[in-house]
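Have a look at this one.
Below, chains carry the letters A, B, ... as their sequence lines are ordered, and counting in each starts from 1.
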There are 4 protein chains.
Amino acid sequence: MLNRTILVGRLTKDPELRYTPNSGVAVTTFILAVDRSFTNRQGEREADFIPIVVWRKQAENCANYLKKGSLIGVDGRIQTRNYEANDGQRRYVTEIVAENVRFLDSKPRQDGGKSNQGNDFSEVGYEVDEDVPF
Amino acid sequence: MLNRTILVGRLTKDPELRYTPNSGVAVTTFILAVDRSFTNRQGEREADFIPIVVWRKQAENCANYLKKGSLIGVDGRIQTRNYEANDGQRRYVTEIVAENVRFLDSKPRQDGGKSNQGNDFSEVGYEVDEDVPF
Amino acid sequence: MLNRTILVGRLTKDPELRYTPNSGVAVTTFILAVDRSFTNRQGEREADFIPIVVWRKQAENCANYLKKGSLIGVDGRIQTRNYEANDGQRRYVTEIVAENVRFLDSKPRQDGGKSNQGNDFSEVGYEVDEDVPF
Amino acid sequence: MLNRTILVGRLTKDPELRYTPNSGVAVTTFILAVDRSFTNRQGEREADFIPIVVWRKQAENCANYLKKGSLIGVDGRIQTRNYEANDGQRRYVTEIVAENVRFLDSKPRQDGGKSNQGNDFSEVGYEVDEDVPF
DNA sequence: TTTT
DNA sequence: TTTT
């Protein structure tokens, strides 16, 4: 069906890069703090703390370019998993698998936009450089 | 910042309607099964099971019109909470607070769209019935 | 940056399948009618009529499985183009490039969900069938 | 049905604030340049140029705090309109009605998040400060 | 009519 | 604890 999440927020800590034991695929994880747009009863602005998972090249870009406090945009999907905890109980996990991560701590680029500061997701293109549908 | 989730899926069970103890506000909860668009290593299509929370009038509409297996669209935001579990440990919960729920198994409407089959969220309108910006 | 649109609505007419002149890539176009969730001053429910473009295999699936009135979900991005009109003026076009189309006229599937009724976008998988990040 | 668009991009010019002739409601418009995440055949990064409409208090905030080049996040819905052009032809317009605008070039806040730098959308709260659904 |  |  459809499953889409878009977030803008800041990393609560430096990202953690690991590699899967079998295939050696890069995977980076971190928690994103997303300020709410409304305040609570005490007039305080709270935040949601959302676990993010990034795979492959983007995982390495995130590990290289991001740190605690970095502002990013995430476009991804919700994933749920469950596992057996140490106490024998089933534990349920919800996290966002990021398909596109944008770095937003914008010191404006010096190159007029040709490079992309680690935002290198050119493999995910749907472009056909031709023709005009409507 | 930004926090937006859109889902289309089916209820795993009948929705549960309750009222908050102090203010008596209606709140309905259910789990949404969202089929993935890709298959796993065994060629099987898996799903994510995502907790949904709906408040107020929409909570009552959901309780009245939805049941196990109903197909719906959800437009909302991710919320995280944590609480102390019985074993003294902190437990983390991630759920979607639905701001808009659309009922989708329904036959095309016979009334030309005047009624809205329980999808009554007219209070959330941004419409200004006047003028043309661009 | 980020550019994401999610829609649920019905085709206003049968979809149109064409092929690009040079590369012969399949492209399907149609207009999606998306009912608004609020009513206008006259208490009528209006709709937005949004041009959709679908490429490649999904274009052919759409042409094969959809028709006027079909209910679908679209996950894509906004694209703007401009061209010189017959009168010599520049004309501006905004349309949604669908990256994922879901067929929602649910006659429940008979196969327990193994097949996918033309919703075959398995090439867009980010899955790594291994490991547990958090 | 569902209609949701999320964008992150930069204003191509200073925003324009007007007031509707009858009700005197504030409305601000601007074009958002959204860089694509992929490059074209020539290896250049292109952008989409998307018309944004903001109403009421947020319109005034945008006019006060934004200018050409400002980086923002937009959460809104697509709206289509048509009108008769001077040449007697029907012209079709697609634009994003912003329900939530986030200002993103801003330095991390010094006040621990109490204020909100013109991002004052507290009227759109769904919060019930009580109870734990799941 | 396009931002960085 | 999972829908079709």
Calculate the interatomic distance between Leu104(B) atom CG and dT4(F) atom C1'; express it in whole Å. 14 Å
Measure across Ala33(D) and Thr12(D) and return the closest heavy-atom pair with its distance rounded to 0.1 Å. CB-CG2, 3.8 Å
Less than 4.0 angstrom from a charged side-chain N to a carboxylate O is my criterion; do Arg4(A) and Glu99(A) meet it? yes
Atom-pair distance (CD on Glu44(B); C1' on dT3(F)), nearest Å: 16 Å
Of the listed nucleotides dT1(E), dT4(F), dT1(F), the one nearest the side chain of Arg90(C): dT1(E)
Choose from dT4(E), dT2(F), dT2(E) the nucleotide whose nearest atom is closest to any side-chain atom of Ile31(D). dT2(E)
Hey, does Lys13(D) reach any base, or is it just sugar-phosphate, or nothing, if we go heavy atoms under 4.0 Å? nothing
Describe the nucleic acid contact of Gly9(D) in one word from base, sugar-phosphate, nothing, applying a heavy-atom distance below 4.0 Å. nothing
Got a second to check how far Ile52(D)'s CD1 is from Ile72(D)'s CD1, nearest 0.5 Å? 6.5 Å
Just the rounded figure in Å: distance from P of dT3(E) to CZ of Arg45(D). 16 Å
Just how far, in rounded Å, is C1' of dT3(E) from CG of Leu11(D)? 8 Å
Considering only dT4(F), dT2(E), dT1(F), which nucleotide approaches the side chain of Tyr92(A) most closely? dT1(F)
Do Arg81(A) and Glu46(B) sit within salt-bridge range, that is, some charged N less than 4.0 Å from a carboxylate O? no
Nearest to the Arg10(D) side chain among dT4(E), dT4(F), dT2(E), which nucleotide is it? dT4(E)
Taking atom P of dT4(F) as reference, at what distance in whole Å does atom CZ of Arg36(B) sit? 18 Å
Can you measure Leu66(B) atom CG to dT2(F) atom C1' for me and round it to whole angstrom units? 17 Å
What integer distance in Å separates Asp14(B):CG from dT1(F):P? 19 Å
